[in-house]
Number of protein chains: 2
Amino acid sequence: MKMAEGVEWALHSCLNMTWLQPGRAVSAARLAAFYGLPTAYLNKQLQALVRAGILRSVSGPRGGFRLARAPEEITLLDVVTAIEGAEEAFRCAQILRQGPGGRADVDYRQACLISQAMRRADLAWRRELAGQTLAQLREAVGDRYPDTPRNTRERLVAPPS
Amino acid sequence: MKMAEGVEWALHSCLNMTWLQPGRAVSAARLAAFYGLPTAYLNKQLQALVRAGILRSVSGPRGGFRLARAPEEITLLDVVTAIEGAEEAFRCAQILRQGPGGRADVDYRQACLISQAMRRADLAWRRELAGQTLAQLREAVGDRYPDTPRNTRERLVAPPS
DNA sequence: GAACGTCTACTCGGATAACTCATGTCCGAGTGATTTTGG
DNA sequence: CCAAAATCACTCGGACATGAGTTATCCGAGTAGACGTTC
């Protein structure tokens, strides 16, 4: 049960975009150069964020990606779900149906107590992620690392070399 | 981020074993026949549970697997960890180290606020799973489905054929 | 000088390989019960 | 009849194929800006 590596990239990239002036787009190439990531593959992850409605893409010169809505309205769960998919980690295969007394007309994803327990854990995980917004993260980072916002903005607008 | 299918098998198998008289061993073949699972592969999962100290294996005729300790002392987290491994789903690759101002002497798994948030969610998930023991599950199932304990015991001891 | 048409360069977007890890299977080592044989 | 030893069948245990999903890459479609040309 390992999470895709693209989740980390997506989270950091989205957080970095919160420091840009609204409406300003950043190309996938610059976002990738920020952490030395493979450009094409990061682009793929950003496309997933576009499909999820978190980012908005702009074609042509001066184009790129920008946040589709305010950082206050984007939770960590939104980003994780966009990359990993909405289905929960534990998928009940309803093996009780094959056991003694198993019935075909029963939904064991609801009836099975093991399935219920696993879903409770999954909900706790989701609740924790849904309670954190990009805006809260941006503020926390700004407090602890005051130089980060400016450095990030400069490097995203005009990368070195 | 999908969980291994063996987790479901392991959970149900361990729960079924709680209804056997203590010290009684069940072969992997009978546990597999219970839900129509592939015997060899279930055996592989049970071996992982043995390595984790949850089960104890007995060789030879009348051998098999049995719980290594009381159901009150086995949590769902124990079983899940035994199959999936102890490392958390989100593994911080410390990409901040490659960014501007990144330092090699900083552990970004601790310093990165994104990493912290993901770890909080992971801990919430683990806490939920650690709060459920096999004994609690066994009691809940016995209350809701009174026939299950007897049916399970009979079928594990003498499967139809 | 201004407006229009063309052209270019830059961007995303999806289709296409390579590789890792989970899935699935097999046969050998070990062991305890059973049977057989001798006293 | 009893005991001891050899046999045997059953079990786990790890080593070996297979397949799906993630990782990684590439090139084409589309677009906005820039340039040159013309009125």
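Proteins get letters first, then strands, A, B, ... in listed order; numbering begins at 1 in each.
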Under the salt bridge (Lys or Arg N to Asp or Glu O under 4.0 Å) rule, collect the residues that match up with A:Asp143, sequence neighbours excluded.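 For A:Asp143, no residue satisfies salt bridge (Lys or Arg N to Asp or Glu O under 4.0 Å) once neighbours in sequence are set aside.
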Look at the side-chain N and O atoms of [X] and state whether any lies under 4.0 Å from the OP1 or OP2 oxygen of [N].
| X | N | answer |
| --- | --- | --- |
| A:Gln47 | C:dG14 | yes |
| B:Ser27 | D:dC12 | no |
| B:Arg51 | D:dG14 | yes |

Whole angstroms only, please: what is the [atom1]-[atom2] distance between [X] and [N]?
| X | N | atom1 | atom2 | value |
| --- | --- | --- | --- | --- |
| A:Lys44 | D:dC26 | NZ | P | 14 Å |
| B:Arg30 | D:dC12 | CZ | C1' | 16 Å |
| A:Glu8 | D:dT23 | CD | C1' | 15 Å |
| B:Leu31 | D:dC10 | CG | C1' | 16 Å |
| B:Glu84 | C:dC21 | CD | P | 14 Å |
| B:Leu49 | D:dC12 | CG | C1' | 14 Å |
| A:Met3 | D:dT22 | CE | P | 13 Å |
| A:Glu5 | D:dT25 | CD | C1' | 16 Å |

With a non-hydrogen cut-off below 4.0 angstrom, is [X] in contact with a base, only sugar-phosphate, or nothing?
| X | answer |
| --- | --- |
| B:Ala25 | nothing |
| A:Ala40 | base |
| A:Arg56 | nothing |
| A:Ala29 | nothing |

Among A:Gln98, A:Arg97, A:Arg91, whose side chain to side chain donor-acceptor pair (under 3.5 Å) with A:Gln94 holds?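 When A:Gln98, A:Arg97, A:Arg91 are each tested with A:Gln94, the side chain to side chain donor-acceptor pair (under 3.5 Å) holds only for A:Arg97.
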So which nucleotide from [options] ends up closest to the side chain of [X]?
| X | options | answer |
| --- | --- | --- |
| A:Ser57 | D:dC12, C:dG24, C:dC12 | C:dC12 |
| B:Arg62 | D:dT25, C:dA33, D:dA24 | C:dA33 |
| A:Pro61 | C:dG13, D:dA32, D:dC12 | D:dA32 |
| B:Tyr41 | C:dG24, D:dA24, C:dC12 | C:dG24 |
| A:Ala4 | D:dT23, D:dC12, D:dT25 | D:dT23 |

Do B:Asn16 and B:Val26 make a side-chain contact, defined as non-hydrogen atoms from C-beta onward lying under 4.5 Å apart? no
Using only heavy-atom distances, determine whether the side chains of B:Thr148 and B:Asn151 contain a donor-acceptor pair under 3.5 Å. no
Whether A:Arg155 engages the ring of A:Phe34 as a cation-pi pair (distance to the six-membered ring centre under 6.0 angstrom, angle to the ring normal within 45°) should be assessed.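 Judged by the rule, A:Arg155 and A:Phe34 form a cation-pi pair.
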Heavy-atom nearest nucleotide on DNA chain D for A:Asn43 versus A:Val58: which residue maps closer to 5'?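 The residue whose closest nucleotide sits nearer the 5' end is A:Asn43.
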Pairing residues for B:Tyr35 by the ring pair (Phe, Tyr, Trp, His ring centres under 6.0 Å) criterion, not counting sequence neighbours: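 Ring pair (Phe, Tyr, Trp, His ring centres under 6.0 Å) check on B:Tyr35 returns B:His12.
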